[in-house]
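Only one structure is covered here, and it is reproduced in the block below.
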Protein chains: 2
Amino acid sequence: MNNAHLYRGSLATIILKLLNEHDTMYGYEIVQRVDELTHGELRLTEGALYPSLHKMTAQGLLEVKVIKIGNRIRKYYQLTESGTKETVKKLAELEQYIKTMRALVNPRFR
Amino acid sequence: MNNAHLYRGSLATIILKLLNEHDTMYGYEIVQRVDELTHGELRLTEGALYPSLHKMTAQGLLEVKVIKIGNRIRKYYQLTESGTKETVKKLAELEQYIKTMRALVNPRFR
DNA sequence: TATTATGCATAATATTTTTATGTATTATTT
DNA sequence: AAATAATACATAAAAATATTATGCATAATA
């Protein structure tokens, strides 16, 4: 993973979209899912994930439900209404970014 | 420009590719060119551009030629051999990034 | 029983970028 | 002629984000 730098700024988009698809997910699950979906291309680190989840929760984009599995806890995250809107917005922004980068980088797209 | 966060990490790729196309360019010209090509979508700030140019020069990716236009100077940047290789690499990384993001974000691409 | 996997979390550091300035020359508008 | 805008470089403070390195604890597996 030498192109990690490009993923800077994409983390929230990824998390929101996954939650949008899966209804509820917990942190560890998100890490695993990203690893699967990208075939190891993108290694989502906990040091990035958890602060991001906390931030989006504080912003009202996510809701948390704490569940006990035996003696171990899981924190299930779910999109709020506002979070769903933000997801749509972020996906549109990603599309725009890709278009713009193509225009910059690929003369065919000009 | 509300999706600025996505461009984090893309700056070097953009600069290298533009230099790859135009042979030589100076800083101010790069700002203008990006503005034109993206129809104002991406506003490249000098505070980001100049340090990045200096860094890549220090890394041996770019060469500078200082030219006087009247009493005003221009610093023309040009890819070195190593810079050309790096450009190819960075463009491949961008393509990979886009593929990966599509896989994450667009179930159609799985 | 030792190791790996699960599951949370934070703190120090590094990197990159934005925002805010700063200096100076040349061109254009009032 | 004077004021403003455009050209052209640059850096410094602050903000944002992510990596790396830990830490704690439980459950499963070798």
Evaluation steps, side chain to side chain donor-acceptor pair (under 3.5 Å), between B:Q32 and B:Y26: CA-CA 10 Å; B:Q32 302 308 309; B:Y26 55 99; over 6 Å; no
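- Atoms OH (B:Y26) and C1' (D:dT7) sit 8 Å apart, rounded to a whole Å.
- Evaluation of the side-chain contact (heavy atoms from CB on, under 4.5 Å) rule for B:V88 yields no partner, not counting sequence neighbours.
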Can you check nucleotides 10-14 of chain C for protein contacts, nitrogen or oxygen pairs under 3.5 Å, and list what you find?
none

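- Per the geometry, CE belonging to B:M56 stands 11 Å off P belonging to C:dT16, to the nearest Å.
- Under the 4.0 Å criterion applied to side-chain N and carboxylate O atoms, A:R102 and B:E95 are assigned as salt-bridge partners.
- Within a heavy-atom distance below 4.0 Å of DNA chain C, the residues of residues 60-79 of chain A found are A:R72, A:I73, A:R74, A:K75.
- Partners of A:S52 under the side-chain contact (heavy atoms from CB on, under 4.5 Å) rule, at least two apart in sequence or in another chain, are A:L11, A:I15, A:M56.
- Scanning for side-chain contact (heavy atoms from CB on, under 4.5 Å) contacts around B:K89 gives A:N2, B:E86, B:E93, with sequence neighbours left out.
- For the pair A:Y7 OH and C:dT15 C1', the computed distance is 18 Å after rounding to whole Å.
- With rounding to whole Å, B:L6 atom CG is found 16 Å from D:dA16 atom P.
- The CG-C1' distance, from B:L49 to C:dT16, rounds to 14 Å in whole Å.
- If you check residues 92-100 of chain B against DNA chain D, you find no residue with a heavy atom closer than 4.0 Å.
- Rounded to whole angstrom, the span from the CD atom of B:E36 across to the P atom of D:dA6 amounts to 15 Å.
- Taking atom CG of residue B:L44 and atom P of nucleotide D:dA10, one finds them 14 Å apart after rounding to whole Å.
- The listed nucleotides are C:dT18, C:dA5, D:dA6; the one nearest the side chain of A:Y28 is C:dA5.
- As rounded to whole Å, 15 Å separates atom P of D:dA8 from atom CG of B:L53.
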